[in-house]
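To keep things clear, I will list the structure first and then write my remarks on it.
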Amino acid sequence: MPERSANDTSAKPHYRAKEKILLVDDDPAIRLMLTRLLASEGYNVLPASNGTEALEFASHADFDLVLLDLSLPDGNGLEIYTDRDRAHW
């Protein structure tokens with residue numbers, strides 16, 4: 001059996017493949033970095049750049065986790081989170 005290097009990701013479990021994360025941040029660099037990091041760990045990540053977009057995404061899908069910036073251009077993240085009439089979180 002061949003040895004695996006410390007950087008070999010093939011041994012990582014793939015049980016997270018169905019876990020969906022809604023990532024909401026208006027900073028494109030943070031959004032991109034977190035999306036790549038979480039996706040590399042096997043998560044399905046849907047990035048949104050503002051609260052309106054996040055609520056639209058949430059109205060069409062269920063998410064296992066929502067990562068929500070508290071300071072967004074179209075509202076306070078906590079207010080957006082509590083708008084559960086249009087969201088499935």
Side-chain angles (χ1 to χ4, degrees):
M1 178 180 251
E3 290 186 34
R4 292 188 175 146
S5 71
N7 295 329
D8 184 359
T9 59
S10 65
K12 288 186 178 181
H14 295 284
Y15 57 86
R16 294 187 197 134
K18 294 182 182 177
E19 293 176 349
K20 292 189 291 186
I21 298 175
L22 176 59
L23 171 64
V24 189
D25 200 301
D26 58 321
D27 184 320
I30 291 173
R31 207 169 49 245
L32 180 62
M33 178 203 53
L34 288 174
T35 298
R36 286 181 176 174
L37 174 68
L38 293 166
S40 74
E41 292 296 321
Y43 294 101
N44 291 322
V45 182
L46 183 59
S49 61
N50 57 54
T52 303
E53 190 174 40
L55 289 171
E56 176 65 24
F57 291 157
S59 71
H60 298 290
D62 291 323
F63 293 93
D64 299 298
L65 177 68
V66 177
L67 297 176
L68 182 61
D69 187 352
L70 294 180
S71 178
L72 294 166
D74 59 348
N76 176 299
L78 290 176
E79 292 169 357
I80 292 167
Y81 177 77
T82 57
D83 189 357
R84 294 174 190 213
D85 292 334
R86 299 183 326 197
H88 292 277
W89 50 45

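All values derive from a computational prediction rather than experimental measurement. Note that these values count all heavy atoms, side chains included, but never hydrogens, waters or copies made by symmetry.
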**Prompt:** Residues sharing Leu78's hydrophobic cluster, by side-chain heavy-atom contacts under 4.5 Å among ILVMFWY, directly or via others?
**Reply:**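 Reading the cluster by chain and number, Leu78 sits alongside Leu70.
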If you take all heavy atoms of [X] and [Y], which pair is closest and at what distance?
X     : Y     : answer
Ser71 : Asp26 : O-OD1, 3.5 Å
Arg31 : Leu23 : O-CD2, 3.5 Å
Ile21 : Phe63 : C-CD2, 3.7 Å

Begin with the C-alpha distance, continue with both residues' side-chain angles, and end with the deciding distance and a verdict on side-chain contact (heavy atoms from CB on, under 4.5 Å) for Ile80 and Val24. CA-CA 10 Å; Ile80 292 167; Val24 189; over 6 Å; no
* **Spacing of Asp64 atom CG and Leu22 atom CG [to the nearest 0.5 Å]** =>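 One finds 11.0 Å between CG of Asp64 and CG of Leu22.
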Sequence neighbours excluded, the answer for side chain to side chain donor-acceptor pair (under 3.5 Å) partners of Ser49 is Glu53
### Query
Got a sec, which residues hit side chain to side chain donor-acceptor pair (under 3.5 Å) with Asp74, two or more places apart in sequence or on another chain?
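Residues passing side chain to side chain donor-acceptor pair (under 3.5 Å) with Asp74: Thr52.
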Under 4.5 Å between side-chain heavy atoms, hopping through other hydrophobics if needed: is there a path connecting Met33 to Val45? yes
Ile30 meets the side chain to side chain contact (heavy atoms under 4.5 Å, CB included) criterion, sequence neighbours left out, with Asp25, Asp27, Leu34
